[in-house]
*Asks:* 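Just passing along the structure, written as structure tokens.
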Amino acid sequence: MQLDPRRMAILLAVYRNGGIVAASDTLRISPSAISQQIRLLEKEAGVQLLERTPRGAQLTSAGRLLTDAAERIEAEITGAQRELLASSGQSVTGMVRVGSFQTGILALLLPVREQINQLHPGIELRIYELDDAVSRRRLRSGELDMMLLEADESITFTPTSSTKDIPLTSDPWVLAVPPHRPVPASLSELTKLNWLDMDISTAGGAAMRRLEGALGHRFNSTHEINDYSTGLTMVAQGLGYCLVPQLALGSFPAPAGVVLHHLTGLGGRKVVLRHRATRLEPDAAASEVIRLLTAKGH
């Protein structure tokens, strides 16, 4: 039995991307070429590796064994490349593309960019402020190398087979209180407030829905926001209360008169770094960005 590691890598891409068509977009080769390589690999292995189902191609148990082996080979090659680069004294170069939300850019990415400029001038860090759904789509297609995700503590992230998640930081939710308005002493008093609402797809909106569920009461709201700087400005004008993550307050100081109240029981927000994890990713430049972001987050 003579197995071709290159064909094993193609099988791994099919598994990670969830199918042959999606893998063809990542590998930039046609679906028919991928199918041909899988058939040749099955001939080499002497067993069926993919099972065609109405939901697409699924790995057989033998296919799973080979993808596990392909992942080990990939890890060994990536590790050897990094060790060679370090031993040769070469500087790390390359372009790294990161999608993020606003406070992730201001509190994490821009400080790390300054570090990169000093430590690795050959790395070009490109930052894109994008909606979460757009970042996810571009990460899947390979247009981004990594992205930052924010979510309320109640949300569980599920990376795809071609990505990996690294927790960066968590910070408490803070209640922004309008000038001359009552500061609640307990969670139960939140039901009496007029809020600046946020969509449930946002971290702040998910936190509000979680609190509503715990209290059994829908919050009253007149206005809706989708970023924290806007929320703080509107709170200052007395238009409602809102939740703001502690990390955001370093980038958006509260306007005069706004009270920032750390109310017990509000919970917190988490920030996660999701990066591509394929046969050739992350490369040396992306790995260094990941290292610096992880250190900054913790």
Side-chain angles (χ1 to χ4, degrees), residues 99-109 127-139 147-157 169-272 274:
S100 179
F101 50 94
Q102 186 183 43
T103 56
I105 292 174
L106 298 175
L108 297 172
L109 288 176
I127 299 170
Y128 302 84
E129 184 178 0
L130 301 170
D131 291 338
D132 178 81
V134 177
S135 282
R136 289 173 187 260
R137 185 174 68 249
R138 292 192 183 183
L139 188 69
M147 64 177 291
L148 297 186
L149 292 159
E150 65 163 345
D152 179 61
E153 62 182 27
S154 61
I155 303 300
T156 300
F157 288 126
T169 188
S170 59
D171 52 336
W173 289 110
V174 180
L175 182 65
V177 180
H180 315 301
R181 297 288 178 83
V183 177
S186 65
L187 289 181
S188 62
E189 295 181 32
L190 299 182
T191 61
K192 304 173 185 177
L193 310 179
N194 187 53
W195 288 82
L196 299 177
D197 201 6
M198 300 187 78
D199 188 85
I200 193 171
S201 64
T202 66
M208 291 179 66
R209 303 295 88 81
R210 169 175 53 81
L211 291 169
E212 288 176 340
L215 296 169
H217 183 88
R218 175 73 179 182
F219 293 157
N220 299 315
S221 63
T222 305
H223 307 283
E224 183 174 321
I225 60 172
N226 62 17
D227 71 69
Y228 306 117
S229 58
T230 301
L232 287 170
T233 301
M234 293 176 70
V235 170
Q237 294 186 15
L239 298 179
Y241 293 68
C242 79
L243 294 177
V244 183
Q246 179 69 49
L247 188 66
L249 296 171
S251 305
F252 309 119
V258 173
V259 176
L260 299 174
H261 183 37
H262 290 76
L263 180 63
T264 301
L266 286 181
R269 177 191 74 159
K270 57 187 176 183
V271 178
V272 169
R274 176 169 293 177

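Owing to the predicted nature of the structure, the values given are computational and were not obtained by experimental measurement.
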*Asks:* May I ask you to test the Tyr241-Val177 pair for a side-chain heavy-atom distance under 4.5 Å?
*Replies:* yes
*Asks:* Using 0.5 Å steps for rounding, measure from the OG atom of Ser251 to the OH atom of Tyr228.
*Replies:* 12.0 Å
*Asks:* When you compare the side chain of His217 with that of Leu190, does any pair of heavy atoms fall below 4.5 Å?
*Replies:* no
*Asks:* Find out whether Asp132 and Glu150 are in side-chain contact, i.e. whether some heavy atom of one side chain is under 4.5 Å from a heavy atom of the other.
*Replies:* no
*Asks:* Counting only heavy atoms not in His180 (residues, nucleotides, ligands), do more than 12 fall under 6.0 Å from its NE2?
*Replies:* no
*Asks:* If you define the side chain from C-beta out and look only at heavy atoms, does anything of Arg138 sit under 4.5 Å from Met147?
*Replies:* no
*Asks:* For Asp152, is there any backbone N or O sitting under 3.5 Å from a side-chain donor or acceptor partner on Trp173?
*Replies:* no
*Asks:* Could you pull out the closest heavy-atom pair between Leu243 and Ala207, with the gap in Å?
*Replies:* CD1-CB, 3.9 Å
*Asks:* Tell me if a side-chain donor or acceptor on Asp197 pairs with a main-chain N or O of Ser221 at a distance below 3.5 Å.
*Replies:* no
*Asks:* Any side-chain to backbone donor/acceptor pair from Asp131 onto Val134? Under 3.5 Å, distance only.
*Replies:* no
*Asks:* Do Asp199 and Thr202 have side-chain atoms, one donor and one acceptor, less than 3.5 Å apart?
*Replies:* no
*Asks:* Does Glu153 use its side chain to pair, donor to acceptor, with the backbone of Gly268 at less than 3.5 Å?
*Replies:* yes
*Asks:* Taking atom NZ of Lys270 and atom CG of Asp171, what is their separation to the nearest 0.5 Å?
*Replies:* 12.5 Å
*Asks:* State the CD-OG distance between Glu129 and Ser100, to the nearest 0.5 angstrom.
*Replies:* 8.0 Å
*Asks:* Rounded to the nearest 0.5 Å, what separation is found between the CG atom of Leu148 and the CG atom of Leu109?
*Replies:* 4.5 Å
*Asks:* Report the distance from atom CG of Leu149 to atom CZ of Arg274, rounding to the nearest 0.5 Å.
*Replies:* 5.0 Å
*Asks:* What's the shortest heavy-atom distance between Ser154 and Arg210, and which atoms?
*Replies:* CB-CD, 3.8 Å
*Asks:* Determine the minimum heavy-atom distance between Gly240 and Pro178, stating which atoms define it.
*Replies:* O-CG, 3.3 Å
*Asks:* When you compare the side chain of Thr222 with that of Asn194, does any pair of heavy atoms fall below 4.5 Å?
*Replies:* yes
*Asks:* Determine the interplanar angle of the Phe219 and Trp195 rings, folded into 0 to 90°, and report it as parallel if under 30°, tilted if 30 to 60°, perpendicular if over 60°.
*Replies:* parallel
*Asks:* Under the side chain to side chain contact (heavy atoms under 4.5 Å, CB included) rule, what do Leu266 and His261 come out as? Steps first, then yes or no, please.
*Replies:* CA-CA 10 Å; Leu266 286 181; His261 183 37; over 6 Å; no
*Asks:* Once rounded to the nearest 0.5 Å, what's the spacing between atom CD of Glu224 and atom CG of Leu196?
*Replies:* 10.0 Å
*Asks:* Can you check whether Phe252 reaches Thr233 side chain to side chain, under 4.5 Å on heavy atoms?
*Replies:* no
*Asks:* Would you say the side chain of Thr230 lies within less than 4.5 Å of the side chain of His223, judging by non-hydrogen atoms?
*Replies:* no
*Asks:* Looking at Cys242 and Val235, what are the two nearest heavy atoms and their distance?
*Replies:* SG-CG2, 3.7 Å
*Asks:* So, for Leu130 and Gly99, which heavy atoms are closest and what is the spacing to 0.1 Å?
*Replies:* CD1-CA, 4.4 Å
*Asks:* Hey, does the side chain of Arg181 reach the backbone of Gly238 with a donor-acceptor pair shorter than 3.5 angstrom?
*Replies:* yes
*Asks:* Taking C-beta and beyond as the side chain, do Leu232 and Leu249 meet within less than 4.5 Å on heavy atoms?
*Replies:* yes
*Asks:* Measure across Arg209 and Arg218 and return the closest heavy-atom pair with its distance rounded to 0.1 Å.
*Replies:* NE-NH1, 3.2 Å
